[in-house]
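Letters A, B, ... are given to chains in the order of the sequence lines, protein chains preceding strands, and every chain is numbered from 1.
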There are 2 protein chains.
Amino acid sequence: MELKRAAEGEKGFEKVFAFLRERLLAGSLKPGDRLISERELATLLGVSRPIVREALRALTVLGIVEIRDRIGTVVTQPDVSVLNDFFTFALAQQADMLDDVMQARVAIECQAIRLACERANIADFERLQRALAKIGETIDEADAGGMADFEFHRAIVVASHSETLMVLHGSLAGLLTHSHRSRRELVQAFPSMKTYLIDDHRRIFDAIIARDPERADATLRKHFAIGDEYRRRAVVGDIDRTSASG
Amino acid sequence: MELKRAAEGEKGFEKVFAFLRERLLAGSLKPGDRLISERELATLLGVSRPIVREALRALTVLGIVEIRDRIGTVVTQPDVSVLNDFFTFALAQQADMLDDVMQARVAIECQAIRLACERANIADFERLQRALAKIGETIDEADAGGMADFEFHRAIVVASHSETLMVLHGSLAGLLTHSHRSRRELVQAFPSMKTYLIDDHRRIFDAIIARDPERADATLRKHFAIGDEYRRRAVVGDIDRTSASG
DNA sequence: GGTCTGATCTTGGTCAGACCAGTAGGCTAA
DNA sequence: TTAGCCTACTGGTCTGACCAAGATCAGACC
């Protein structure tokens with residue numbers, strides 16, 4: 001049935017979106033490629049231009065393509081920054097999602113550190129070393145400290161040389177920054193956290209240098225656990241009883 | 001007279017998007033609320049309806065609102081599943097990345113199995129049990145066997161009760177179905193794989209039942225490693241020397 | 001011959017008005 | 001009162017048009 005429903009049974013928007021998704025997933029549309037013009041796309045798929053624009057706009061907010069005024073629409077390198085939009089909205093109402101996303105972060109980093117132990121090269125070590133040093137230097141600054149912390153963890157993922165892990169980790173970064181920030185703010189209140197932060201990252205670094213995946217994973221996992229513990233105790237005002245860091 | 005010059009100076013789409021974002025972040029638009037009609041929104045902001053639709057479509061792909069045909073646009077509860085689109089696109093553009101994507105899958109599942117050890121309930125156990133049984137039943141069938149294999153691993157992630165991990169795993173799964181298939185095809189050629197497949201999954205299941213995260217993680221990790229080993233040896237035609245499974 | 005300039009084509013950005021198809025709610029008729 | 005219809009409203013879409021500015025290339029100028 002349905003006379004106007006073109007070849008596929010999808011609605012206008014879905015049709016265009018599906019058409020583009022197909023090409024994008026199949027690889028016939030790669031980053032850097034320029035799409036055909038909106039008008040052509042419209043006539044090609046038998047829909048109106050506003051519909052095409054809806055689909056392109058959808059892909060834009062997904063960070064898949066970029067609409068350049070008077071130039072055309074080009075496929076972009078997947079850019080995780082768009083996810084900030086989503087996170088911003090989502091966090092505005094559903095703050096409990098943070099813990100859940102943190103699980104994914106732990107997953108990514110623990111796998112990354114294992115790979116890093118196998119694959120890390122001199123450049124990776126140096127990056128980790130720099131980040132480690134920075135953590136020490138900025139231990140008293142909330143903002144810079146959080147940044148240094150993030151850079152260290154990011155360096156771990158980079159050292160894994162796994163593009164996929166980097167993409168996923170980058171995606172979660174939006175949430176992590178919040179987390180890192182608030183964690184750092186605890187430092188001001190609880191001096192014992194300084195030791196935890198510096199020593200823990202040092203141990204993690206050492207494990208990578210030693211190329212010991214099991215130890216690295218375990219150390220990193222413990223690092224996260226202790227961080228959780230700190231935050232939990234901070235809520236109830238009880239801190240400085242975290243002895244089991246070794 | 002600068003007719004189309006927007007009051008705020010933003011382009012049409014940005015204006016509408018910003019307008020809605022404001023209300024959403026401020027909380028004056030909460031999940032469940034219904035937006036005013038597209039027409040009203042258009043006249044209210046001094047833009048055309050197609051522009052309003054672009055903005056609404058953008059919010060739709062971000063999972064913030066839902067456009068209901070002939071009903072209206074309502075604010076939805078944010079959920080991470082919208083990231084599925086993004087990840088699918090983003091990961092698809094790394095063509096040779098199958099092995100790399102596998103790393104992410106290992107990451108997700110190993111974290112999931114740890115959480116599963118803590119959080120799994122009876123229903124989860126039952127689902128795992130069913131999947132385990134199915135693996136045994138379909139050990140000689142490539143297609144059904146691959147499906148059963150996937151279901152078991154999926155059940156692990158579901159048992160983690162982490163929405164984020166489920167979403168990520170779901171995204172990766174699509175890219176790895178091929179992998180499952182080809183692995184299963186090895187079974188026909190190398191009988192020793194039957195034992196590996198059945199016993200390994202059994203051990204994984206047992207570890208979850210025992211609620212032992214470390215053992216579960218290690219067992220699952222070994223499971224993946226052995227699978228890799230099989231495939232590697234299959235390439236060079238040398239198989240059935242995989243003694244180092246214990 | 002080579003370079004600069006400008007008209008023209010093309011592209012995205014937007015608008016206005018229109019029609020369709022269901023949905024919801026009020027109104028009418030039984 | 002109640003069943004059923006009618007209409008206003010909603011999203012879904014199309015058509016055709018105009019604008020502004022980058023891209024292109026012919027023709028003028030050096």
Side-chain angles (χ1 to χ4, degrees), chain A residues 1-21 23-24 29 31-76 82, chain B residues 1-20 23-24 29 31-76:
Chain A
M1 49 178 178
E2 265 17 65
L3 35 148
K4 59 190 60 169
R5 302 278 164 279
E8 302 83 6
E10 296 143 322
K11 305 278 192 185
F13 168 81
E14 292 296 338
K15 178 157 54 168
V16 182
F17 194 78
F19 174 84
L20 293 172
R21 164 165 44 203
R23 319 271 144 152
L24 286 162
L29 277 177
D33 289 357
R34 200 180 116 197
L35 272 61
I36 59 180
S37 75
E38 299 177 354
R39 279 170 250 259
E40 285 180 276
L41 210 44
T43 61
L44 175 63
L45 297 177
V47 298
S48 66
R49 196 144 84 91
I51 300 302
V52 171
R53 299 207 95 242
E54 275 185 46
L56 294 179
R57 187 68 77 177
L59 289 172
T60 298
V61 301
L62 285 175
I64 312 298
V65 305
E66 184 182 344
I67 304 179
R68 293 188 188 153
D69 198 354
R70 279 159 245 119
I71 304 292
T73 306
V74 298
V75 183
T76 64
V82 274
Chain B
M1 57 181 176
E2 251 39 18
L3 33 151
K4 55 198 53 174
R5 175 169 120 245
E8 292 82 7
E10 295 148 320
K11 304 284 190 184
F13 168 81
E14 292 297 338
K15 179 157 56 165
V16 182
F17 195 79
F19 175 84
L20 293 173
R23 318 271 144 155
L24 286 162
L29 276 178
D33 289 356
R34 200 181 120 196
L35 273 61
I36 60 180
S37 76
E38 298 178 353
R39 279 170 250 257
E40 284 180 275
L41 212 44
T43 62
L44 175 64
L45 296 177
V47 298
S48 66
R49 197 144 84 93
I51 300 302
V52 172
R53 300 206 95 244
E54 277 185 41
L56 293 179
R57 189 66 79 176
L59 289 172
T60 297
V61 301
L62 286 175
I64 312 299
V65 305
E66 183 183 344
I67 304 179
R68 295 187 186 153
D69 197 354
R70 281 158 242 122
I71 303 291
T73 306
V74 298
V75 183
T76 65

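Nearest approach of A/V16 to A/A55, heavy atoms of both residues: CG1-CB, 3.4 Å. Considering all non-hydrogen atoms of both residues, B/I51 and B/G12 come closest at CG2-C, 3.5 Å. Pairing each heavy atom of A/R57 with each of A/I67, the nearest pair is N-CD1, 4.3 Å. Shown here for A/K15 and A/L45, the closest heavy-atom pair between the two residues is NZ-O, 3.2 Å.
Under the 3.5 Å distance criterion, the side-chain polar atoms of A/T76 are matched with a main-chain donor or acceptor of A/I64.
For B/S48, taking side-chain heavy atoms from C-beta onward, the closest of the listed nucleotides C/dC15, D/dT15, C/dG12 is C/dC15. Here the nucleotide nearest the side chain of B/R34, chosen from D/dT10, C/dA18, D/dT15, is D/dT10.
Rounded to an integer number of Å, the gap from A/E66 CD to C/dT11 C1' is 15 Å. Spacing between atom CD of B/E14 and atom P of C/dT14 amounts to 9 Å, rounded to whole angstrom units. The nearest whole Å value for the distance from the CD1 atom in B/I67 to the C1' atom in D/dT13 is 13 Å. Separating the CG atom of A/L41 from the P atom of C/dG12 is a distance of 9 Å, rounded to the nearest angstrom. Regarding A/E38, its CD atom lies at a distance of 11 Å from the C1' atom of C/dT14, rounded to whole Å. We find that CG of B/L45 is positioned 15 Å from C1' of C/dT14, with the value rounded to whole Å. In this structure, CZ of B/R68 is placed 15 Å from C1' of C/dA24, rounded to the nearest angstrom. B/E54 places its CD atom 7 Å from the P atom of C/dT14, with the value rounded to the nearest Å.
With sequence neighbours left out, B/F17 forms a ring pair (Phe, Tyr, Trp, His ring centres under 6.0 Å) with B/F13. Residues passing the side-chain hydrogen bond (donor to acceptor under 3.5 Å, both in side chains) test with B/S37, sequence neighbours excluded: B/E40.
For D/dC30, the paired nucleotide is C/dG1, the pair qualifying as Watson-Crick or G-U wobble because both relevant distances are below 3.5 Å.
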Atom pairs, N/O to N/O, protein against nucleotides 21-23 of chain D, distance under 3.5 Å?
residue	atom	partner	partner atom	Å
D/dA21	O4'	A/R70	NE	3.1

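A/R39 contributes a side-chain N or O that forms a donor-acceptor pair with the base of C/dG12 under 3.5 Å. Judged by distance alone, with hydrogens and angles left aside, A/R49 brings a side-chain donor or acceptor within reach of the base of C/dT14, the pair sitting under 3.5 Å.
For B/T73 and D/dT10, the shortest distance from a side-chain N or O to OP1 or OP2 is not below 4.0 Å.
For the pair B/E40 and B/R57, both in contact range of DNA chain D, the more 5′-proximal nearest nucleotide belongs to B/E40.
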